[in-house]
Amino acid sequence: MANQSDDPAGTKPSTISIRIKKDELRAILEFDRQVRNANGVPILSPEGRLLLRLALDGAMSVSAAQLESGASPSGYFNVLRRLKAAGLVNTVVDKDDARVKWLHIGKES
């Protein structure tokens with residue numbers, strides 16, 4: 001996974017301001033993971049899990065984001081469509097490898 005300082009797509013920083021500490025975001029994601037693994041019931045939606053991970057990492061490949069969301073491939077397509085339609089995330093083709101797309105928080109520029 002990439003972080004914001006490691007922005008291979010060369011896009012602008014996120015326009016959403018996060019006022020929560022990163023260790024708190026990690027704790028929320030870890031709690032969700034533990035509950036989901038123990039009981040099969042997530043506390044976060046796939047959209048919420050993905051937005052929290054992007055807030056931590058700044059950017060991630062679309063394929064890594066699908067795994068992180070916990071959704072099936074077809075379910076992930078719908079998650080990504082909803083987040084893009086709401087202007088919460090955007091995808092950018094990697095400038096060095098056109099097969100790779102990066103997911104970022106924020107609207108398309």
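Atom set for the values below is all heavy atoms of this structure, side chains included, hydrogens, waters and symmetry mates excluded.
Closest heavy-atom contact between A59 and H104: CB-CE1, 3.4 Å. Contact detail for N90 and G106: the closest heavy-atom pair is ND2-O, 2.8 Å. The minimum heavy-atom distance between A55 and L25, with the atom names listed, is CB-CD1, 4.0 Å.
In this structure D23 satisfies the salt bridge (charged side-chain N to carboxylate O under 4.0 Å, His left out) test with no other residue, sequence neighbours excluded. Evaluation of the side-chain hydrogen bond (donor to acceptor under 3.5 Å, both in side chains) rule for K101 yields no partner, not counting sequence neighbours. Listed by chain and residue number, nothing satisfies the salt bridge (charged side-chain N to carboxylate O under 4.0 Å, His left out) test with R81 (two or more places apart in sequence, or in another chain). In this view, R26 satisfies the salt bridge (charged side-chain N to carboxylate O under 4.0 Å, His left out) rule with no residue, not counting sequence neighbours. In terms of the side-chain hydrogen bond (donor to acceptor under 3.5 Å, both in side chains) criterion, residue partners of R33 (sequence neighbours excluded) are, by chain and number, E30.
Remark: L67 CG to M60 CE distance equals 8.5 Å, nearest 0.5 Å. Rounding to the nearest 0.5 Å places CZ of R53 at 11.0 Å from CG of L44. In this structure, OG on S45 lies 8.0 Å from CG on L51, to the nearest 0.5 angstrom. We find the OG-CD distance between S61 and E68 to be 11.0 Å, quoted to the nearest 0.5 Å. To the nearest 0.5 Å, atoms CD (E24) and CG (L52) are separated by 11.5 Å.
Checking side-chain atoms of D97 against main-chain N and O of R99 turns up a donor-acceptor pair under 3.5 Å.
Residues W102 and V93 form no side-chain contact, since every pair of their non-hydrogen atoms from C-beta on lies 4.5 Å or further apart. Side-chain contact between K84 and T91 is present, with at least one heavy-atom pair separated by less than 4.5 Å. Annotation: side chain of F77 is not in contact with side chain of V79 (no heavy-atom distance under 4.5 Å). Considering only heavy atoms from C-beta on, L103 stays 4.5 Å or farther from L83 through its side chain. In this structure, I105 and L88 have side chains that are not in contact, with every pair of non-hydrogen atoms separated by 4.5 Å or more.
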Open item on the list: Could you walk me through whether V62 and V100 satisfy the side chain to side chain contact (heavy atoms under 4.5 Å, CB included) test, starting with their C-alpha distance in whole Å, then the side-chain angles of each, then the deciding distance to 0.1 Å, before giving a yes or no?
Closed with: CA-CA 8 Å; V62 169; V100 177; over 6 Å; no

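For residues 34-52, the salt bridge (charged side-chain N to carboxylate O under 4.0 Å, His left out) pairs, not counting sequence neighbours, are D32-R36, D32-R49, E47-R82.
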